[in-house]
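In what follows, a single structure is set out as structure tokens and then discussed.
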Amino acid sequence: MDAYDLITRNAAEVVTEDEVRALADDPDGKRAYVGYEPSGVLHIGHMLTANKLIDLQEAGFEVVILLADVHAYLNDKGTFEEIRETADRMREQFVAYGLDEENTEFVLGSEYQMDEEYVLDTHALELETTISRAERAMAEIQRGSNPKVSQAVYPLMQALDIEYLDLDLAVGGLDQRKVHMLAREVLPSLDYDVRPAVHTPILADLSTGVGKMSSSEGITISMEDTEEDLREKVNKAFCPPTADPEPDGEGNERENPVLQIFQYHVFPRFESVVVERPEKYGGDLEYDDYESLESDLESGELHPADAKGALADYLDELIAPGREKIAEQRS
Ligand code: IYR
């Protein structure tokens, strides 16, 4: 796969394609990042952007993971001490997940976000930005419904991170898009360059296919799930024989989360996927790409129950090293 295809595969949005093409022309040594508010255990949402970072490493990029401790604090995720502790554990879990340690720089936000220059730049952006503009940028990230001043400052600092970490590309889930758009607007006011962004899709709720999969509500897949947990969660998942299900009874759009996980988690990490079946049901099936699995599910050649069994196996393989790391961290 060429660099542009690796950078953009499975992306929901690329801002802008021309800017990313320019990076893809000479990717070696270019720097890309994702920032995460530290939390105790990685979940499947972290792993989705991590898959993109692994693509970028394969394309020749240097990868930076920002453990955004100050941001988590501003977004009401706990005391600074608690957040700092979880940041250290998260770092080890990312490495266990498969990021190339040699080629991944982990940075704590607090290492540079309290420096005078950064703080003064934050204030300069506060002067440039209305409260309502900042609130809009935070809509999908904000914890709680009554925004605090800290949550208006948050997206401005996220914009500055792109400059201060000396990045060429920002990566994030689609929930980060409004912050990245704000960054494009405000960075030039400080004479800083605008950088492109790649946004990954947000997985649908596992049991209904409606709305987002969320770690705070509903069911998510996490790195501490046992093989049995995974099997149970996947078995209960919504999986009609199509990637494009009809809206539900209330007119809500639905997705097929089982297929989404195959597409965004399994195929990028495995050369091919084998669905084991007893001979009397036609024997094993092997897929080299996501599209052929999707079309077999649609045609009825692949039964949802068999697809789910295989999905649980592959998820288990992906998270097993992280699960062991978590057990070690707790002992
Ligand atoms: N907003 C992210 C956390 C975050 C991301 C980046 I990229 C930063 O520069 C700072 C914070 C989240 O929602 O987890």
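Note that the numbering runs from 1 along the sequence shown for the chain. Atoms within each ligand, like the ligands themselves, are counted from 1 in listed order. The shown structure was predicted, so the numbers you read here are calculated from the model rather than taken from an experiment.
An N or O contact shorter than 3.5 Å links Tyr154 to ligand 1 by distance. Polar contact with ligand 1: present for Asp161 (N/O pair, distance under 3.5 Å). Checked against a 3.5 angstrom limit, the closest N/O atoms of His180 and ligand 1 fall outside it.
Contacts between Gln158 and ligand 1, counted as non-hydrogen atom pairs separated by less than 4.0 Å, involve both the backbone and the side chain. When non-hydrogen atoms are compared, ligand 1 lies under 4.0 Å from neither the backbone nor the side chain of Val179. Contacts of Gln176 with ligand 1, taken as heavy-atom pairs under 4.0 Å, involve the side chain alone.
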(message) Apply side chain to side chain donor-acceptor pair (under 3.5 Å) to residues Asp115 and Tyr164 and explain how you reach the verdict.
(response) CA-CA 11 Å; Asp115 293 353; Tyr164 276 76; over 6 Å; no

(request) Please test Thr104 against Gln57 for side chain to side chain donor-acceptor pair (under 3.5 Å), starting from the C-alpha separation and ending with a verdict. (result) CA-CA 9 Å; Thr104 307; Gln57 287 182 329; 2.8 Å; yes

(request) Given side chain to side chain contact (heavy atoms under 4.5 Å, CB included), test Tyr287 with Phe270 step by step and report yes or no. (result) CA-CA 10 Å; Tyr287 300 101; Phe270 295 90; over 6 Å; no

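Side-chain contact between Ile221 and Leu230 is present, with heavy atoms from C-beta onward closer than 4.5 Å. Residues Thr208 and Asp248 have side chains not in contact (no heavy-atom distance under 4.5 Å, counting atoms from C-beta outward).
Electrostatic pairing of Lys77 and Glu82 does not count as a salt bridge here, judged by no charged N lying under 4.0 Å from a carboxylate O.
Taking a cut-off of under 4.0 Å to the non-hydrogen atoms of Tyr33, the atoms of ligand 1 that pass are 6 (C), 7 (I), 8 (C), 9 (O). Within ligand 1, the atoms closer than 4.0 Å to a non-hydrogen atom of Ala68 are 10 (C), 11 (C), numbered from 1 in the order shown. Near Ile141, meaning under 4.0 Å from one of its heavy atoms, ligand 1 places the atoms 1 (N), 13 (O). Residue contact check: Leu66 has heavy atoms under 4.0 Å from atoms 8 (C), 9 (O), 10 (C) of ligand 1.
Judged purely by distance below 3.5 Å, without hydrogens or angles, the side chains of Asp166 and Tyr33 never pair a donor atom with an acceptor atom.
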